[in-house]
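The block underneath contains the structure these notes are about, expressed in structure tokens.
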Amino acid sequence: MHRQSQLFLPTERQPPADAEAVSHKLMVRAGLIRQIGSGIWSWLPAGWRVHQKAAQIVREEMDRIGAQEVMMPVLVPAELWKRTGRYESEELFKLKDRKGADLVLSMTNEETVTTHAAQIVRSYRDLPFSLYHIQVKERDEPRPRAGVLRTREFIMKDSYSFDRDQAGMEASYEAHARAYDRIFDRCGLEWYAVESDVGMMGGVGAHEYMAPCAAGENEVALAPGYAANVEVASAEPQPVPPLPDRIQGELHTPGASTIEALAEALDVHPGCLLKAFPVVTESRGLILVMVRGDHRVNDVKLQNALRERFRPAHDDELAEHGLVGGYMGPKDGVELILDAAIAPGRYVVGANRPDHHVVIDVPEGERLDVRTVVEGDTVNGHPIRIEPAIEVGNIFKLGTRYSEPLNATYLDENGQERHIWMGCYGIGPARIVAAAIEQYADEHGITWPRALAPWDVHVVALGKEAELKAAEALAEEVEAAGLAVLLDDRPLRPGEKFADAELLGCPLRLTVGRRALESGRAEAQIRRGRVDHEGGVPLRGGGSAVRELWESLP
RNA sequence: CGGGGAGUGGCGCAGUCUGGUAGCGCACCCGGCUGGGGGCCGGGCGGUCGCAGGUUCAAAUCCUGUCUCCCCGACCA
């Protein structure tokens, strides 16, 4: 039992002035965390209990699929990162020791864990296995924000699977996916898994586990049976009205150098226009990417479709090809990519001379899906909606991305040397905590899911002597029934104690005041929804009744 | 990195434009009243005004530099 009078639990009436996100405000107000620098936070006792609960759920489910817990260092020689080509990462903290040797602070642990695999694994008999740890990560984030949602130092569970071949990797990936399903269910979160960007990592596959909430940094496209990060989402476009017949041939369009201005000047739907996005890639030079006027080019999808990096074209490169900013259109000698959402028909495009556009039929060109989906597009006939969500976990098929540079190999049954097939899987317990707050907080404070609450039951004593004694006795019985109890034994007024209890958000509050002494029953209030439990619970011998009530909570 | 904002007691803020030796609410300490939703009365403690230079008889206030934090964007294995 913890006595609130002795606890380091600094609750605040007002949120920090600079806090925006609900979870940020409430975590500080409820005394869970305190800031020490931009994106650098300490967890105070109550907050750490919650974090530990999330971490323990993760641990149990990792163990359940046979992953083995280890502990790898934060500080590692830069050499390994140089070998995998990740040393240049801007997010990587780099430092030197007194001898001048380069070191890095790990932001993830592929280099370390793969090095161990390379040291240890000899034979196909040594595979498969998975290792995980729950350890601090350091990232030089360009912009930490929203309390604990995006920080420079944070704790992450990362696991790594090692398999003989692709099929083995797929199986490990599936095992992790099922473990993740259980983890987020057990944590009481609303969540879903979405397709995510595999970027330059080999394109074998990745999913993100998303918890929808207002403070989320990701946009997720959702339809029945479909969920994807908008970075990679594909959907059927909504049709646009055809270009009116009155608009023909060459158009004098002075000053209409933006889609909005042009659509207004011509009085047509922006989707009747085509937007040109000139990019340059190393292997293909300048390419004109065109999307419907009401759509936006999606950088991630474009890069994936191009299978190489690109950058926006510079002005001199445009001039060199005879393209005119604001009035760009298809032109002989310029490679053309058309977004898949451009339906056949007539469109207004730039005429490649100032103040002029021209009506053309959809030209020939490479067709690729490179636009960002918008709300109302359809998947299998169902309109999608887009909502913000926070990424609480991800799973990633790495293939041999790290085993090759770090030379992690084994001998197969035929004595052939092969690279180990890997997967990596992350979870941020702090984000689970913040997401739970975001999803369930009400105007009074946090309402924890049972699985994460810092204490199961908050016993509030109103009164100094008899009430406090009775509250202590009740708290002991509840503890004896296997529940963690926080006892508010502070000599404060009822209003303050109730307000703090609601801020902290333990799932069940038992109140012991004069009324309880008179009736022999403590009032019980369920935090989520602030529902009074009819009749309360017995002051004496109430342990099992409390336990039963608690088990019925979300 | 671009744009915007902010650093004054533990928290939230005023004071800065117009220079004159720092104030309010909450919290905290003491005493009293009160006692089921942040109550009341009285008395207190607590601040090198982010830091460093400069101007001035005098700087929280003006000037220069610098650090830090927040928000939007870019970025984010």
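Values reported hereafter were calculated over all heavy atoms of this structure, with side chains retained and with hydrogens, waters and symmetry mates removed. Labels below follow one simple rule: chain letters A, B, ... track the order of the sequence lines, proteins then strands, and each chain is numbered from 1.
T447(A) meets the side chain to side chain contact (heavy atoms under 4.5 Å, CB included) test with Y440(A), D442(A), R527(A), R528(A); sequence neighbours excluded. Every residue two or more places apart in sequence or in another chain was checked for a salt bridge (Lys or Arg N to Asp or Glu O under 4.0 Å) with E208(A), and none qualifies. In this view, R515(A) and E523(A) satisfy the side chain to side chain contact (heavy atoms under 4.5 Å, CB included) rule, not counting sequence neighbours.
For A27(B), its base never sits under 3.5 Å from the side chain of R13(A) at any donor and acceptor pair. For G37(B), its base sits under 3.5 Å from the side chain of E502(A) at one donor and acceptor pair at least.
To the nearest angstrom, C1' of A77(B) lies 10 Å from CZ of F154(A). Separating the CD atom of E88(A) from the P atom of A77(B) is a distance of 16 Å, rounded to the nearest angstrom. The CD atom of E141(A) sits 13 Å away from the P atom of C70(B) (whole-angstrom rounding). Atom CE of M422(A) and atom C1' of A77(B) are 12 Å apart (whole Å). Distance NZ (K25(A)) to P (C71(B)): 11 Å, rounded to an integer number of Å. Separating the CG atom of N298(A) from the P atom of A74(B) is a distance of 12 Å, rounded to the nearest angstrom. The CE atom of M156(A) sits 11 Å away from the P atom of A77(B) (whole-angstrom rounding). Atom CG in L462(A) sits roughly 14 Å away from atom P in G35(B) (whole-Å rounding).
Within 4.0 Å (heavy atoms only), A146(A) reaches sugar-phosphate atoms of the nucleic acid but no base atom. Counting non-hydrogen atoms under 4.0 angstrom, N394(A) reaches a base of the nucleic acid.
For the side chain to side chain contact (heavy atoms under 4.5 Å, CB included) criterion with E110(A), the lone passing option out of D158(A), L398(A), T84(A) is L398(A).
Between the side chains of H176(A) and S161(A), no donor-acceptor pair is found at a separation under 3.5 Å.
Taken residue by residue, residues 487-500 of chain A places heavy atoms nearer than 4.0 Å to RNA chain B at R493(A), P494(A), G495(A), E496(A), F498(A), A499(A), D500(A).
Base-pair partner of G38(B): not found among the strands shown (Watson-Crick or G-U wobble, both distances under 3.5 Å). Nucleotide C1(B) forms a Watson-Crick or G-U wobble pair with G73(B), both donor-acceptor distances falling under 3.5 Å.
Remark: R530(A) engages E502(A) in a salt bridge, criterion side-chain N to carboxylate O under 4.0 Å. Using a 4.0 Å cut-off between charged side-chain N and carboxylate O, R83(A) and E111(A) make no salt bridge.
Checking the phosphate oxygens (OP1, OP2) of A77(B), no side-chain nitrogen or oxygen of R139(A) falls inside 4.0 Å.
Considering only side-chain atoms of Y402(A), the nucleotide from A77(B), C26(B), C75(B) that sits closest is A77(B). When each of G36(B), C75(B), C69(B) is scored by its nearest atom to the side-chain atoms of E523(A), the top-ranked nucleotide is G36(B).
Looking at heavy atoms from C-beta onward, L32(A) lies out of side-chain contact with V148(A) at the 4.5 angstrom threshold.
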## Note on the structure
5' to 3', nucleotides 3-15 of chain B under a 4.0 Å protein heavy-atom cut-off (B base, S sugar-phosphate only, - none) gives --------BSS--
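Legend: salt bridge (charged side-chain N to carboxylate O under 4.0 Å, His left out) pairs involving residues 10-19 of chain A, not counting sequence neighbours, sorted by first then second residue: E12(A)-R34(A).
Atom name P, nucleotides A6(B) and G42(B): the rounded distance is 36 Å, in whole Å.
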